[in-house]
Amino acid sequence: EAGVTQSPRYAVLQEGQAVSFWCDPISGHDTLYWYQQPRDQGPQLLVYFRDEAVIDNSQLPSDRFSAVRPKGTNSTLKIQSAKQGDTATYLCASKTGGWEQYFGPGTRLTVL
Amino acid sequence: QQQVRQSPQSLTVWEGGTTVLTCSYEDSTFNYFPWYQQFPGEGPALLISILSVSDKKEDGRFTTFFNKREKKLSLHIIDSQPGDSATYFCAASYSNNRIFFGDGTQLVVKP
């Protein structure tokens with residue numbers, strides 16, 4: 001069974017540029033999460049979906065961040081006008097009925 | 001407010017030794033406590049987990065202990081191996097959805 005896949009694996013931007021991250025969850029997993037993991041910190045939830053519905057986006061940092069999951073499968077996280085403080089690894093995770101979340105390898109973002 | 005706190009931030013042990021990582025949490029409604037292991041360049045992977053109805057869970061060389069009264073957990077790794085060198089995250093959840101992570105312990109096992 002394929003795991004959670006993410007792309008790109010790395011991104012380097014200048015401040016003010018936009019970037020999108022893409023996630024393909026494990027097939028059949030109805031719940032999908034996006035986390036931000038700053039260097040030397042634990043993952044922090046940004047948003048999560050059940051199927052195509054946003055369940056909780058209260059932790060999205062600002063209007064600059066948005067996430068969609070239009071067909072309840074793949075998902076895209078977008079940052080408009082990136083700032084240096086957005087430098088972090090962005091992790092996608094998915095799960096089905098149990099407790100365990102399965103994480104992808106992440107996208108490492110550097111904003112110069 | 002940090003919901004889950006871990007200590008130490010980093011730890012070095014010799015191969016064959018026992019590693020002990022500790023964790024405390026704030027919210028008494030948490031009822032699921034996973035430990036995740038993360039290698040550089042990879043996402044976290046579930047190592048072992050425990051529900052609040054138990055006080056101990058063992059899986060091979062890894063054992064997690066849970067103390068509900070003190071709101072504390074620990075992870076013990078016996079016969080530590082260089083391949084165990086990674087960052088370990090304690091986490092907690094109450095809703096079967098949102099997981100709160102600590103800031104991790106970087107473990108180095110020296111041969």
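First the proteins, then the strands, lettered A, B, ... as listed; each starts at 1.
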- [ ] Could you look at B:Tyr36 and say if it's the side chain, the backbone, both or neither that has a heavy atom under 4.5 Å from chain A?
- [x] side chain
Task: Ion pair check, A:Asp30 and A:Lys95, cut-off under 4.0 Å - done: no
Task: Side chain to side chain, A:Tyr102 and A:His29, heavy atoms closer than 4.5 Å - done: yes
TODO: Against chain A, label B:Ile99 side chain, backbone, both or neither, depending on which of its atoms sit under 4.5 Å from a heavy atom there.
DONE: both
Open item on the list: Would B:Leu21 and B:Trp35 count as a side-chain contact (heavy atoms from CB on, under 4.5 Å) here? Give the steps.
Closed with: CA-CA 10 Å; B:Leu21 310 181; B:Trp35 288 89; 4.2 Å; yes
Task: Option in A:Arg108, A:Arg9, A:Gln44, A:Gln37 with maximal non-hydrogen atom pairs under 4.5 Å from chain B - done: A:Gln37
Open item on the list: Just so I understand: if I count every heavy-atom pair under 4.5 Å between each of B:Pro44, B:Gly43, B:Gly104 and chain A, which residue has the most?
Closed with: B:Pro44
- [ ] Check step by step if side chain to side chain donor-acceptor pair (under 3.5 Å) holds for B:Thr22 and B:Ser7.
- [x] CA-CA 5 Å; B:Thr22 63; B:Ser7 63; 2.7 Å; yes
- [ ] Decide yes or no on side chain to side chain donor-acceptor pair (under 3.5 Å) for A:Asn57 and A:Gln59, but give the supporting numbers first.
- [x] CA-CA 5 Å; A:Asn57 63 358; A:Gln59 306 304 311; over 6 Å; no
Open item on the list: Less than 4.5 Å to any heavy atom of chain A: does that hold for the side chain of B:Gln38, its backbone, both, or neither?
Closed with: side chain
